Every structure is written in C-alpha cells, then in structure tokens.
Amino acid sequence: MAKPVCFSAEALEGRHARVERFKIKATLFDTGISYRQFSNINCSLNFISQDAMLWFKRSPRFKQLSAEEDSESLISDTQETKDYAEPPGYCPVARPWHLLFFVLLTAALTYLYSLFTGGWSINARNQWLDHISNYSPLLEDFRIEYSTVRFNGSLLHENIYRQPASPAVDQAWEDLGVDYRAAIVPPHLAAKSGLLESQVQVSDKYGGGYPANVEGLHHLHCLNLLRQSLYFNYEYYRSKSEGAFINSEDILRFHVTHCLDILRQQLICTVDIGVLGQVWWNKESPSAYPDFDTEHKCRNFDAVRRWAFEHQAPEVVPDDYLSPPRGEWEVYESLP
C-alpha cells in the first residue's frame, strides 16, 4: 500500500480554496480517491459550516498550478492529474434565491393539493382521525383538538359527580349531556357515518335525516345509570320512579348490565397506555400509594357536547315525524 499523503490546512488555504474557519487534515490512501472527490468533500464541509446553512456562500474558483509553480505536487499520477485538470470551478452550494424558490414552490404545490382534496375544510383537517376513529358527522362542523388535562384521582376528596344522590348532583350530570335527545344526521352523511338505509329515518316532510346519538354521550349516560344504581343511591332513584327506574327490576337489571358491558368494551377498545406512579403517604409510617392524578391528552369535550345539544331532534314531534318501515324485513322480531 502506498504511503498516505497528508494535506495541511495551510496548503489548502494558500494554494486553493481559502477554506474559512476550518483546519482540515485529510489523509488520502491509495484507494482510488481522486483529487476531485477530495475537493467535493472539502466543499461539503465548507457548506455545512456556514452558520447552520442559514446563509450560503460561493467559494472562490480554483486555479490549476503548474508543476514548476508547485514543487509539492499533490498527486503526480497521470490519471489523477487529468482529474485535477477538470475540477469543479466552485463549490456547488445553494444561493439564497435557490432556497426561496424551493420554499415558494413547496408552498404552491401544497396549496394546489389542498384545493383539489378539500384540504382547507374542517373535515380534511380531521383526516388523521381515520387511524383512531370512524367517520363522524361532527367532523363537518368543528375540529377535534387535544389538550393536556390532569385527572382528579383523589380517594377521599369527592367532587360533585361522586357525591350521594341529590338534585345538585343530578344537575351536574345532566349538564354533561347524558340525557340529550338524538341528533339528526343529514341523509348525505348517513352512509359515511355507518348508518344504514334500513334504519329509522325522519320523514322527508320534516326535512329527512337519521336520528342518532353521539356515542360518547351514551357512554356518559351509562356511567350515570351505574352511579344511580349504586347501593347508597338506589333507593333514592327507585322512589322517584323516573327514567330507567320506571321499569321492572328485571328490565332495570338488563339496562344496568347493558351499560356496564358497553363501558367495558369501550375501555378495552381505547385502552389507556399511560402508567400510574406511586407516592409516599403517612409521615409516621410511610407507605406507597398509586398516584392517580396523572396527565392525559383529552379531546375538546365541550365542542362535542355543544354539537349534540344544537343538533337535537325537536322535544315535541308530530305522530308522523318518523317514516314508517318500508317492509317487514326492516323490523326485528325482538330487541337486538
């Protein structure tokens, strides 16, 4: 193997590129690396050094030295001399207007793409939800957003939602939308929303559409029923004989266990992969206890609740508000 040739920074600055802010020592072994390749590496280093690529500088041109002028000829091989005779005149670095052109071109292409795909619509901004949620008509009217919320996981300090049954507690739960009437989904959004033509529809006489409940609010409705059915609340609501409690014990049990299993399936479907750390409590005899006051990424619930409230079916409807089934094939023989 040939003896390696070492190039000092002084030689490069004095005879070639005047490389600024770099003192380069490049050792080239006899492995086929030409001077042109070395020059390109040098240019790349110079390019990267220019203030994190925010400003770009054109390097000075190279001038070939004759053998008489350069007694320290870098590479004497004939082929390498040919390579050196055809050096790039300057480092191929970008100029500011090149960068500006690239940015403007990218912006223009992005804008055109958004026009053809509806990219500026609310629905398009929600397209990333396809990976974690089915389509919903709500996405036509507002954007799903996320914020960080710290849960209240206290064991001994009760908020209004945990307190024993009372009118104030009931109002707090009702304000969450647990008893909202069904919303009306427009016919042109029904198929995308997973609604079937055989399902119940509003008569065309009253604008058409499909009565449908927002699932998240149904989950809260179920949670509220479980709360009402707790042993320390049960007699209060049974005595009022309202809502689910107007039914017989058997039907009420089916209703409660239906809600229990809906929530089980929902929690498994959207399993939270966060972790609960532990804290020390009891200064006299420190013991470990799970820290339930954890942070979560939460959707904008108020926007969902507001949409469901504003799109409710009328509280009082005429007898012919719903279109009758088109035939017996659209009617179940028993409750599903």
Side-chain angles (χ1 to χ4, degrees), residues 126 129 132-139 141-155 157-185 193-195 210-234 236-238 240 242-247 251-272 274 292-313 315 335-336:
N126 285 315
L129 283 172
I132 59 174
S133 178
N134 291 333
Y135 171 81
S136 169
L138 282 70
L139 302 179
D141 296 322
F142 68 91
R143 181 178 182 176
I144 294 296
E145 296 177 344
Y146 285 82
S147 61
T148 301
V149 177
R150 182 174 292 278
F151 279 16
N152 176 4
S154 173
L155 177 66
H157 302 285
E158 294 182 329
N159 57 31
I160 187 66
Y161 302 103
R162 297 172 52 186
Q163 294 176 9
S166 71
V169 173
D170 288 341
Q171 187 62 55
W173 279 89
E174 289 173 9
D175 289 344
L176 296 177
V178 298
D179 292 325
Y180 283 175
R181 299 180 299 278
I184 306 301
V185 177
S193 304
L195 302 176
Y210 292 72
N213 294 86
V214 177
E215 286 216 52
L217 297 189
H218 175 251
H219 298 152
L220 285 173
H221 161 83
C222 277
L223 187 60
N224 187 43
L225 180 58
L226 294 182
R227 175 192 68 86
Q228 294 171 335
S229 301
L230 294 172
Y231 76 92
F232 54 84
N233 288 333
Y234 180 81
Y236 176 88
Y237 291 105
R238 175 51 91 181
K240 293 182 68 175
E242 297 176 351
F245 292 87
I246 65 174
N247 296 307
I251 296 301
L252 177 60
R253 180 175 67 85
F254 282 127
H255 195 166
V256 171
T257 56
H258 151 79
C259 279
L260 177 67
D261 202 49
I262 281 288
L263 294 177
R264 176 192 67 83
Q265 294 176 75
Q266 176 63 23
L267 291 173
I268 290 176
C269 179
T270 58
V271 57
D272 192 332
F292 297 107
D293 296 338
T294 52
E295 290 188 344
H296 296 256
K297 293 293 185 180
C298 300
R299 292 182 178 180
N300 43 336
F301 171 78
D302 285 339
V304 175
R305 183 202 56 76
R306 186 165 51 251
W307 185 97
F309 176 79
E310 294 172 351
H311 289 78
Q312 290 181 99
E315 187 172 0
L335 285 174

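Just so we're clear, the structure is a prediction, and the values are computed from it rather than from any experiment. Residue numbers run from 1 in the order of the sequence given.
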task = Compare every heavy atom of Tyr236 with every heavy atom of Ala165, then report the nearest pair and how far apart it is.
result = CB-CD2, 3.4 Å
query = Do Asp272 and His296 have side-chain N/O donor and acceptor atoms under 3.5 Å apart?
reply = yes
ask   = With distance as the sole test, does Asp141 use its side chain to make a donor-acceptor pair with the main-chain N or O of Leu138 at under 3.5 Å?
value = no
query = Just by distance, with hydrogens left out, do Arg227 and Asn224 show a side-chain donor and acceptor under 3.5 Å apart?
reply = yes
ask   = Once you round to the nearest 0.5 Å, how far does CG of Leu155 lie from CZ of Arg162?
value = 6.5 Å
query = Stepwise, does the side-chain contact (heavy atoms from CB on, under 4.5 Å) test hold for Arg299 with Tyr146?
reply = CA-CA 5 Å; Arg299 292 182 178 180; Tyr146 285 82; 3.0 Å; yes
key: Residue pair Phe301 / Leu176: nearest heavy atoms and the distance that separates them   = CZ-O, 3.4 Å
task = Indicate the atoms forming the closest heavy-atom contact of Tyr234 with Ser229, along with that distance.
result = CB-O, 4.2 Å
ask   = Hey, mind stepping through His219 and Leu223 against side-chain contact (heavy atoms from CB on, under 4.5 Å) and telling me if it holds?
value = CA-CA 6 Å; His219 298 152; Leu223 187 60; over 6 Å; no
message = Is it the case that the side chain of Ser136 and the backbone of Leu139 share a donor-acceptor pair, with hydrogens and angles ignored and the cut-off at 3.5 Å?
response = no
4.5 Å side-chain heavy-atom contact, Asn233 and Val169 = no
ask   = Any donor and acceptor pair, going by atom type alone, linking the side chain of Arg238 with main-chain N or O of Phe245 inside 3.5 Å?
value = yes
N/O donor-acceptor pair under 3.5 Å between Asp293 side chain and Gly153 backbone = yes
message = Between His258 and His221, is the ring centroid distance below 6.0 Å?
response = no
ask   = Can you name the closest pair of heavy atoms from Ala308 and Val214 and give their distance?
value = CB-CG2, 3.9 Å
Reported CG-to-OG1 distance for the pair Leu226 and Thr257, which is rounded to 0.5 angstrom = 9.5 Å
inquiry  = I'd like to know if the side chain of Gln312 and the backbone of Arg181 have a donor-acceptor N/O pair within less than 3.5 Å.
reply    = yes
key: side-chain contact (heavy atoms from CB on, under 4.5 Å) evaluation trace for Glu242 with Asp170   = CA-CA 12 Å; Glu242 297 176 351; Asp170 288 341; over 6 Å; no
key: Derivation of the side-chain contact (heavy atoms from CB on, under 4.5 Å) call for Val304 and Phe142   = CA-CA 9 Å; Val304 175; Phe142 68 91; 3.8 Å; yes
Glu215 CD: over 12 foreign heavy atoms closer than 6.0 Å = no
inquiry  = Looking only at the aromatic ring of each residue, does the gap between the centers of Phe151 and Phe292 stay below 6.0 angstrom?
reply    = no
task = Can you measure from CG (Asp175) to CD (Gln171) and round to the nearest 0.5 angstrom?
result = 4.5 Å
message = Please check this pair: side chain of Asp179 against backbone of Trp173, looking for a donor-acceptor N/O pair closer than 3.5 Å.
response = no
message = Using every non-hydrogen atom in the two residues, find where Ala172 and Tyr161 come nearest and quote the distance to one decimal.
response = O-CE2, 3.7 Å
task = Measure the spacing between CG of Leu225 and CG of Leu220 and express it to the nearest 0.5 Å.
result = 12.5 Å
query = Which atom names give the shortest non-hydrogen contact between Pro137 and Val185, and what distance separates them?
reply = CG-CG2, 4.0 Å
